[in-house]
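Worksheet for the structure shown next.
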Amino acid sequence: MALHPVFEHRWDLTPKEAIALQQELRGRVEITDRYGEIRWVAGVDVGFEARNTITRAAVAVLAYPSLELHEHAIARQPTRMPYIPGLLSFREVPAVLEAMARLDSRPDLLLCDGQGIAHPRRFGIASHLGVLLDVPAIGVAKTRLVGTHDAVPEGRGESVPLVDRGERIGAVLRTRSRVKPLFISPGHRMGLEHAVEWVMACTTRYRLPETTRRAHRLASCD
DNA sequence: GCGACAG
DNA sequence: ATCTTGTCGC
């Protein structure tokens with residue numbers, strides 16, 4: 001099993017080249033539901049070691065709906081470029097792909113740290129991973145990259161549209177009452193409505209979904 | 001030219 | 001992201 005890219009492209013690109021590639025690949029993003037039974041949900045996160053010289057990617061595969069940890073994979077690579085707003089995936093995805101290739105199971109859905117289409121060119125890290133691996137993916141970000149929104153009602157499960165240039169690109173979702181909301185957007189093969197539902201379905205008593213929490217601990221701690 | 005800016 | 005202790009609130 002494991003998840004492997006369905007096509008390849010270069011990663012050693014200049015910012016201009018990376019932006020051009022995003023413009024090209026954005027055409028492959030599907031924001032309508034295209035998935036079957038979801039049995040394995042994977043959380044994806046990345047951390048850094050040795051003064052940011054090492055990039056450490058972590059994937060935690062949980063069973064759905066029990067949300068119990070099924071398996072996990074870690075991958076370390078030399079950090080290849082700095083963080084540039086809008087180009088996050090070129091810094092983090094290579095390491096994530098290596099971790100994905102190490103899995104024994106095959107995730108049915110990815111919950112990624114960062115944006116999906118809620119991105120200047122509608123191609124955030126969740127879309128990039130989703131398209132490369134041809135798997136349903138959702139962007140789950142803790143803060144905003146682009147877009148504006150109204151105040152979010154205080155109750156758990158409440159959400160408001162995230163809009164950019166007149167386009168509805170995501171939702172600002174309150175996963176816990178009176179706690180800072182998350183920015184949810186479709187990554188690939190997933191519509192906004194269901195993206196929000198899947199995030200809620202993977203969230204128990206904390207602000208972040210269990211998938212993200214498990215991946216985060218794997219990417220940061222030992 | 002002046003801010004804003006996922007992780 | 002990461003550097004870091006205590007502390008305010010439910």
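We name chains A, B, ... by the order of the sequence lines, and we start the count at 1 in each one.
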Query raised in the report: For Ser177(A) and Glu154(A), does a side-chain donor sit closer than 3.5 Å to a side-chain acceptor?
Result: no

Requested in this report: Check the pair Arg214(A), Asp45(A) against salt bridge (charged side-chain N to carboxylate O under 4.0 Å, His left out), reporting the backbone distance first and the verdict last.
Outcome: CA-CA 9 Å; Arg214(A) 302 308 282 260; Asp45(A) 193 26; over 6 Å; no

Under 3.5 Å, side-chain donor or acceptor atoms of residues 87-94 of chain A against the rest of the protein: list the pairs with distances, not counting sequence neighbours.
| residue | atom | partner | partner atom | Å |
| --- | --- | --- | --- | --- |
| Ser89(A) | OG | His128(A) | ND1 | 2.8 |
| Arg91(A) | NH1 | Met81(A) | O | 2.6 |

Query raised in the report: What nucleic acid atoms does His128(A) come within less than 4.0 Å of, heavy atoms only: base, sugar-phosphate, or nothing?
Result: nothing

Requested in this report: Return each pair, listed once, that meets salt bridge (Lys or Arg N to Asp or Glu O under 4.0 Å) where at least one residue sits in residues 5-14 of chain A; pairs must be two or more places apart or across chains.
Outcome: Arg10(A)-Asp12(A)

Query - Within 6.0 Å of CZ in Arg39(A), more than 12 heavy atoms from elsewhere - result: no

Report summary line: Contact string for nucleotides 5-10 of chain C, one letter per nucleotide 5' to 3', B = base within protein heavy-atom range under 4.0 Å, S = sugar-phosphate only, - = neither, reads ------

Identify every side-chain donor-acceptor pair in residues 158-169 of chain A under 3.5 Å, counting partners at least two apart or on other chains, and give the distances.
| residue | atom | partner | partner atom | Å |
| --- | --- | --- | --- | --- |
| Asp164(A) | OD2 | Arg122(A) | NH1 | 3.1 |
| Asp164(A) | OD2 | Arg122(A) | NH2 | 3.1 |
| Arg165(A) | NH2 | Pro120(A) | O | 2.5 |
| Glu167(A) | OE1 | Arg122(A) | NE | 3.4 |
| Glu167(A) | OE1 | Arg122(A) | NH2 | 3.3 |

Report summary line: Ala58(A) and Ala215(A) have their tightest heavy-atom pair at CB-O, 3.5 Å

**Report entry** Under 4.5 Å side-chain linkage, directly or through intermediates, the cluster mates of Ile54(A)
**Finding:** none

Query raised in the report: What residues join Tyr206(A) in its hydrophobic cluster, counting side-chain heavy atom gaps under 4.5 Å, either direct or through other members?
Result: none

Query raised in the report: Thr175(A) and Thr203(A): side-chain donor and acceptor closer than 3.5 Å?
Result: no

Report summary line: Stems of at least 3 consecutive Watson-Crick or G-U wobble pairs (donor-acceptor distances under 3.5 Å) involving DNA chain C, listed by first number, are none

**Report entry** Counterpart residues, ring pair (Phe, Tyr, Trp, His ring centres under 6.0 Å), relative to His149(A) (two or more places apart)
**Finding:** Phe183(A)

Query raised in the report: Of the options Leu21(A), Leu25(A), Ile19(A), Val146(A), which is the one that meets Arg121(A) in a side chain to side chain contact (heavy atoms under 4.5 Å, CB included)?
Result: Ile19(A)

Query raised in the report: Transitively linked via ILVMFWY side-chain contacts under 4.5 Å: Val96(A) with Met1(A)?
Result: no

Requested in this report: Let me have a per-nucleotide readout for nucleotides 1-7 of chain B, 5' to 3', with B, S or -, counting only protein heavy atoms under 4.0 Å.
Outcome: ---SBBB

Query raised in the report: Stepwise, does the side chain to side chain contact (heavy atoms under 4.5 Å, CB included) test hold for Leu103(A) with Glu71(A)?
Result: CA-CA 8 Å; Leu103(A) 292 174; Glu71(A) 71 158 325; 3.7 Å; yes

Query - Base-pair map of DNA chain B as dot-bracket, where | denotes pairing with a different strand and pairs are Watson-Crick or G-U under 3.5 Å - result: .......

Requested in this report: List, by chain and number, the other hydrophobic cluster members for Val196(A), where Ile, Leu, Val, Met, Phe, Trp and Tyr join if side-chain heavy atoms come within less than 4.5 Å, directly or indirectly.
Outcome: Tyr35(A), Ile38(A), Val41(A), Leu62(A), Tyr64(A), Leu67(A), Leu69(A), Leu109(A), Leu111(A), Ile138(A), Val140(A), Leu173(A), Leu182(A), Ile184(A), Met190(A), Leu192(A), Trp198(A), Val199(A), Met200(A), Leu208(A)

Query raised in the report: Looking at residues 185-214 of chain A, who's got a heavy atom less than 4.0 Å off DNA chain B?
Result: none

